[in-house]
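Read the structure below first, then the notes.
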Number of protein chains: 2
Amino acid sequence: MAFLTACKLQDPVTIADKLFLDLRRAILEGEIPAGKKISEPELAAAYGVSRGSLREAIGKLENCNLVTRKPNIGARIIGFSTEQLLEIYQIREATEGMAARLAAEHMTAEELVHLRKILERHQAEIAQHQRYSQHDVDLDFHFSIIQGSKNKRLIRMLCQDLYDLVRFYRFRLKSGFSRSEQAFQEHNLIVSAIERRDGEMAETLMRHHIRASRDYACKLLEQMPLSDT
Amino acid sequence: MAFLTACKLQDPVTIADKLFLDLRRAILEGEIPAGKKISEPELAAAYGVSRGSLREAIGKLENCNLVTRKPNIGARIIGFSTEQLLEIYQIREATEGMAARLAAEHMTAEELVHLRKILERHQAEIAQHQRYSQHDVDLDFHFSIIQGSKNKRLIRMLCQDLYDLVRFYRFRLKSGFSRSEQAFQEHNLIVSAIERRDGEMAETLMRHHIRASRDYACKLLEQMPLSDT
DNA sequence: CTTGGTTATAGTGTCGACATTATAGCCGCA
DNA sequence: TGCGGCTATAATGTCGACACTATAACCAAG
C-alpha cells in the first residue's frame, strides 16, 4: 500500500499517535461503526491507555474529519451521506485539478516513470480482473500526482485530511466498485498530458475524470444506498 | 467584522476553546511573534490555566495550521515565507473558483442582495480612501461567496482553516496593500456572473481575480520582503 | 583551545483524581 | 395516564503530579 507512505507518522513515537493511527484504521475499515458515539472511559480502558492520551488522539481524528465533537457532550464517529460524498467530489475536482496542473509543471522525470509504472500495474490488474486491489492502485495514482504538485500545503490538505474521507467512503462502496477500464483510460490521458507538460489539459482531464467517478458513485448509490455500518 | 461570524465557536463554552480563540487572535495579529517556540509551562502560567487545557488549545491551533508540533520537542508558531504564500494562493485559486461556480448555482436572492451591499460598502470606502478597513470588506466578499457555495465541507476548509493563514499573511502585508479599485472591478464582474447564474464564468473570473491578487502580492514582496516579526 | 562525554535542568508526555455538566430514571402531581 | 421537575449516575472538562526525553551547561581529555 504505497499510498500510505504519503502520510506522516509512519512510525509513531508517542502513545497518542499510536492510538490515533489505530483508531483511524478501525474507523476507516468499519471496525468501529459509523455514527457511533465515543465513550472516553470505555475506549481508554479497551486500549489500556489514559483518558488524556485518548483525548489527544481524538483531537487528531477530529482534524482528519473522522469524528465530530460537541462541548460537554462528546465525540462521535462521522456518519456518511450522499450529500457529503458529493461535497467531497466537488472539492476533489477543484483541488486535484489544480494538483494535476502543477504536477505537469513540476514533476521530475523519475516521478513520471513512477507514474507510468502505476499505470502498468493498473493495466495488469485489469487483465487479471483483480478488482479488489484496484482501489490501492487508484489511490496510488492520485497520490502520486498530488505529490507531484510540489505544493506542500495542498499535499497535506489532500493526503492527510481529505483522503481519509475518500477511503472511508470507498470502503463502504467497495463491493460493486469497478470502473477500472474506463478509469484506466482516463488515467492514461492525464499522464500523457503531464508528460507533455500541458498543465491546462492535465487539469481539464483530471476534473473530467473525477466528475466521471462521481457520476458513477451516484449511480451506485441509487441502486444500493449506504447503510449505517 | 462580519467575516468573523462565519466561524464557529462564536461564544466559546470551554476553557480550551477560549484559550484557542485568544491564542489565535494573538498569533494572527502578531502579538506572539511568528516562528516563536511555545513553552507550555510559560504560556499556561501567563493565561492562568492548566497545561492540559493549553495542550488541547494548541492541538486546535495545529489544525488551523497556525502552529507546528514535533513529538518530544514542542510546538512553535508558524513562520511565513514567500513560498508558502504562493502555495496558499494556488489553493485559493482552485477552491474559491469552485466556490464561485457553486455559488452561482445555489445562492439565494437574499444572499445576492447581501453581496451587492458588500460591493457598495467597498465602493464607498474607496471613495473615502479608507484603505485600512478595505481588508475586512474583501474578506467579507470572499466569505460570502464561499458560504454561497452551500458545500459545508468546503466552507469549513476555507473559512475555518485556510483563511486563518490568509489573515496571518494579510496582517503582515497590510501597510502597502491597496489594490482596491482593481479588486472592486473584479468583484463586480464576479457578482454579475453569479447573478446571471453563469457558474463557468464565475469560476473563471474568480480564478483570475485571485491570480491577480497573487501577482500583486508578489510585487509587494519583491520590494518589501517579509521580516520575522 | 577544541572536542567528546557527562550531568543538570527544563520541557514534553502520561496518568489519575476532582469539578462540572449532561442525561436518564424516578417520583409526585395534575 | 401523561407531564414536569428532581435526583442519581455517568461522562466530559480541568487540574496537578510524576516519568521520560531533549537540550544546555559543564568538565575532562587530547
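All chains are named by letter (A, B, ...) in the order of the sequence lines, taking the proteins before the strands, and each is independently numbered beginning at 1.
Side-chain contact check for His187(B) and Asp138(B): at least one donor-acceptor pair (N or O, by modelled atom type) lies under 3.5 Å.
Residue Pro41(B) places its side chain closer to dG11(C) than to any other of dG11(C), dA22(D), dC15(D). Between dC15(D), dG13(C), dT12(D), one nucleotide has an atom nearer to the side chain of Lys37(A) than all others, and that is dT12(D). With dT14(C), dA22(C), dG13(D) as the choices, the nucleotide that has an atom nearest any side-chain atom of Arg55(B) turns out to be dT14(C). Checked against dG13(D), dC15(D), dC15(C), the side chain of Ser50(A) finds its nearest nucleotide in dC15(C). Which of dT12(D), dG11(C), dT14(D) sits closest to the side chain of Glu40(A) comes down to dT12(D).
Residue Asn72(A) contributes atom CG, which lies 9 Å from atom P of dT23(C) at whole-angstrom precision. Going from atom CG of Leu54(B) over to atom P of dG13(C) covers 11 Å, rounded to whole Å. Rounded to an integer number of Å, the gap from Tyr47(B) OH to dT14(D) P is 16 Å. Computed from coordinates, the Glu56(B) CD to dC15(C) C1' distance equals 15 Å when rounded to whole Å. Distance, Lys70(B) NZ to dG13(C) C1': 18 Å, rounded to whole Å. Rounded to whole angstrom, the span from the CD1 atom of Ile38(B) across to the P atom of dG13(C) amounts to 12 Å. Spacing between atom NZ of Lys18(A) and atom C1' of dG13(C) amounts to 11 Å, rounded to whole angstrom units.
Of the side-chain N and O atoms in Ser53(A), one or more sit less than 4.0 angstrom from OP1 or OP2 of dC15(C). Contact annotation: Ser39(B) reaches the phosphate of dG11(C) (side-chain N/O to OP1 or OP2, under 4.0 Å). For the pair Arg76(A) and dT12(D), the criterion of a side-chain N or O lying under 4.0 Å from OP1 or OP2 is not met.
Among the protein residues, Leu43(A) comes within range of no part of the nucleic acid, since none of its heavy atoms lies under 4.0 Å from any strand. Within the nucleic acid shown, Ile58(B) has no heavy atom closer than 4.0 Å to any nucleic acid atom. Across all strands, Gly74(B) comes closer than 4.0 Å only to sugar-phosphate atoms, never to a base (heavy-atom distances).
The base of dG11(C) is not paired with the side chain of Arg51(B) by any donor and acceptor separated by under 3.5 Å.
Comparing Val49(A) and Ile73(A) by the nucleotide of DNA chain C that holds the closest heavy atom to each, the one mapping nearer the 5' end is Val49(A).
Salt-bridge check for Lys152(B) with Glu83(A): passed, with a basic side-chain N closer than 4.0 Å to an acidic carboxylate O. A salt bridge is defined here as a Lys NZ or Arg NE, NH1 or NH2 lying under 4.0 Å from an Asp or Glu carboxylate O, and Glu203(A) with Arg207(B) meets this definition. Using a 4.0 Å cut-off between charged side-chain N and carboxylate O, Glu111(A) and Lys150(A) make a salt bridge.
Paired with Tyr163(B) under the rule ring-ring contact (aromatic ring centres under 6.0 Å, His included), one option of Phe143(B), Phe168(B), Tyr169(B) passes, and it is Phe143(B).
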